[in-house]
Amino acid sequence: MGVALRDIIKDYRQETDLEEMRGVVAVDAFNALYQFLSIIRQPDGTPLMDRDGRVTSHLSGLFFRNVNFLEKGVRPVYVFDGAPPELKSTTIEKRREVRDAAGEAWKEALARGDQEEAYKQARASAKIDAAMISSAKRLLALMGIPCVQAPSEGEAQAAFMAQRGDVGAAASQDYDALLFGAPHLVRNLTISGKRKMRGRTVTVRPETYDLQSVLDGLSITREGLVEIGILVGTDFNPGIRGVGAKTALKIVQKGMFAETISEKAPEFDPGPIRRFFLDPPVTEDYRLTWESPARDGIVEMLCEEYAFSEGRVESALERLGMKTGQKTLDAWF
DNA sequence: CCGGGGGA
DNA sequence: TCCCCCGGG
């Protein structure tokens, strides 16, 4: 879920289009897979599956979206999470409970014949498992797209790569990458397009955030932004009851972070969380190279192994070959 | 999420 | 050319 900073950050959002996003971008892989798995479903909530019942929604999303990326000059690198920090265990456990409950509610809704509710609960029950991660990595390798294995949080690694200038931005739905110091964040990169929400169709466009503009605009430092996160709650702490983003901003602007913590949550030590955001485990051990897609390997994997339609896969691959202007990898900021 | 087909 | 709807695996 990340950190709920929307209320104070939304003024610094810049809407854009995929076409404008040409360049190298570090995608939070887990976040992207989760979104594909959550969104690519039938009206009753059933995900796409091959003949053996293995889920393929994440592969479909990943494949077609990457073709679009490459075609438009976006060069993605997928950053996979490593072992989660101990600080995250409460959040992980809570999410598991919510997911399990949604799985039950999905079954019940199906039994009642309530499609809309079934779809909603199915989405909330989405769970990325080890098989999905390894099949995703295999597909990315076949597409010639680099992967990076983060030692800990993928967003921290993506932020590190963006700080070094190896990528132009970190792509994730969560704002955490900003707390980890990413100079540029892109939301909605993997889900942009037309979508139906309660009957109405809305267009979801990529949106970028510039860390320096946010900090300047709010008159705070990155440390202050981290403090705001800690006050409203992160994946690593529950936050202070009754304190939302706007209140947290005021507290931090007045330099009242420490006082507020000792008053409202005297038992809580924010030190470890602050340090985790400011100096997270990351690795320099990665190499970013994009190869041309292995057509035969992709067809073999997707069509023979996972029952994708050969016509669809091949016509998508076709678009990659004949596209010019591949040489536009300059940063866009 | 995606592409494709058919209708406007 | 655009848009909506459908089925994908």
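Proteins come first, then strands; the chains are lettered A, B, ... in the order of their sequence lines, and each starts at number 1. Source: prediction; values computed, not measured.
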Between B:dG3 atom P and A:Leu59 atom CG, what is the distance in whole Å?
16 Å
Donor-acceptor pairs are to be reported for all side-chain atoms of residues 5-15 of chain A against protein atoms at under 3.5 Å, with residues two or more places apart or in another chain.
from	atom 1	to	atom 2	distance (Å)
A:Tyr12	OH	A:Gly217	O	3.3
A:Glu15	OE1	A:Arg205	NH1	3.3

Applying salt bridge (charged side-chain N to carboxylate O under 4.0 Å, His left out), name anything that partners A:Glu305, two or more places apart in sequence or on another chain.
A:Arg138
Closest approach of A:Ile273 and A:Ile230, non-hydrogen atoms and distance?
CG2-CG1, 3.8 Å
Polar pairs (N or O, both sides) under 3.5 Å between protein and nucleotides 5-8 of chain B?
none

Heavy atoms within less than 4.0 Å of DNA chain C: which residues of residues 130-148 of chain A have one? Give them sorted by number.
none
Kindly state each residue pair satisfying ring pair (Phe, Tyr, Trp, His ring centres under 6.0 Å) with at least one member in residues 139-177 of chain A, sequence neighbours excluded.
A:Tyr175-A:Tyr209
Phosphate OP1/OP2 of B:dG3 contacted by A:Ser315 side-chain N/O (<4.0 Å)
no
Residues in side-chain hydrogen bond (donor to acceptor under 3.5 Å, both in side chains) with A:Ser309, at least two apart?
none
Residues forming a side chain to side chain contact (heavy atoms under 4.5 Å, CB included) with A:Pro183, sequence neighbours excluded:
A:Ala162, A:Gln163
What is the nucleic acid contact for A:Ile39, judged by heavy atoms within less than 4.0 Å: base, sugar-phosphate only, or nothing?
base
Report all side-chain donor-acceptor pairs from residues 99-112 of chain A shorter than 3.5 Å, counting only partners two or more places apart or in another chain.
from	atom 1	to	atom 2	distance (Å)
A:Asp100	OD2	A:Arg96	NH1	3.0
A:Trp106	NE1	A:Asp44	O	3.0

Tabulate atom names and distances for all N/O pairs under 3.5 angstrom spanning the protein and nucleotides 7-9 of chain C.
from	atom 1	to	atom 2	distance (Å)
C:dG7	N2	A:Arg312	NH1	3.2
C:dG7	N2	A:Arg312	NH2	3.1
C:dG9	OP1	A:Ser309	N	2.5
C:dG9	O3'	A:Thr56	OG1	2.8
C:dG9	O3'	A:Tyr306	O	2.8
C:dG9	N9	A:Met49	O	3.4
C:dG9	N2	A:Pro47	O	2.5
C:dG9	N2	A:Met49	N	3.3
C:dG9	N3	A:Met49	N	2.8
C:dG9	N3	A:Met49	O	3.3

Provide the full list of ring pair (Phe, Tyr, Trp, His ring centres under 6.0 Å) pairs with a residue in residues 220-254 of chain A, sequence neighbours left out, each pair given once.
A:Phe236-A:Phe276, A:Phe236-A:Phe277
Taking distance alone, no hydrogens or angles, what donor-acceptor pairs closer than 3.5 Å link side-chain atoms of residues 285-295 of chain A to residues at least two apart or in another chain?
from	atom 1	to	atom 2	distance (Å)
A:Tyr286	OH	A:Arg164	NH1	2.9
A:Tyr286	OH	A:Asp166	OD2	2.5
A:Trp290	NE1	A:Pro76	O	2.8

Output all residues satisfying side-chain hydrogen bond (donor to acceptor under 3.5 Å, both in side chains) with A:Gln157, sequence neighbours left out; order by chain, then residue number.
none
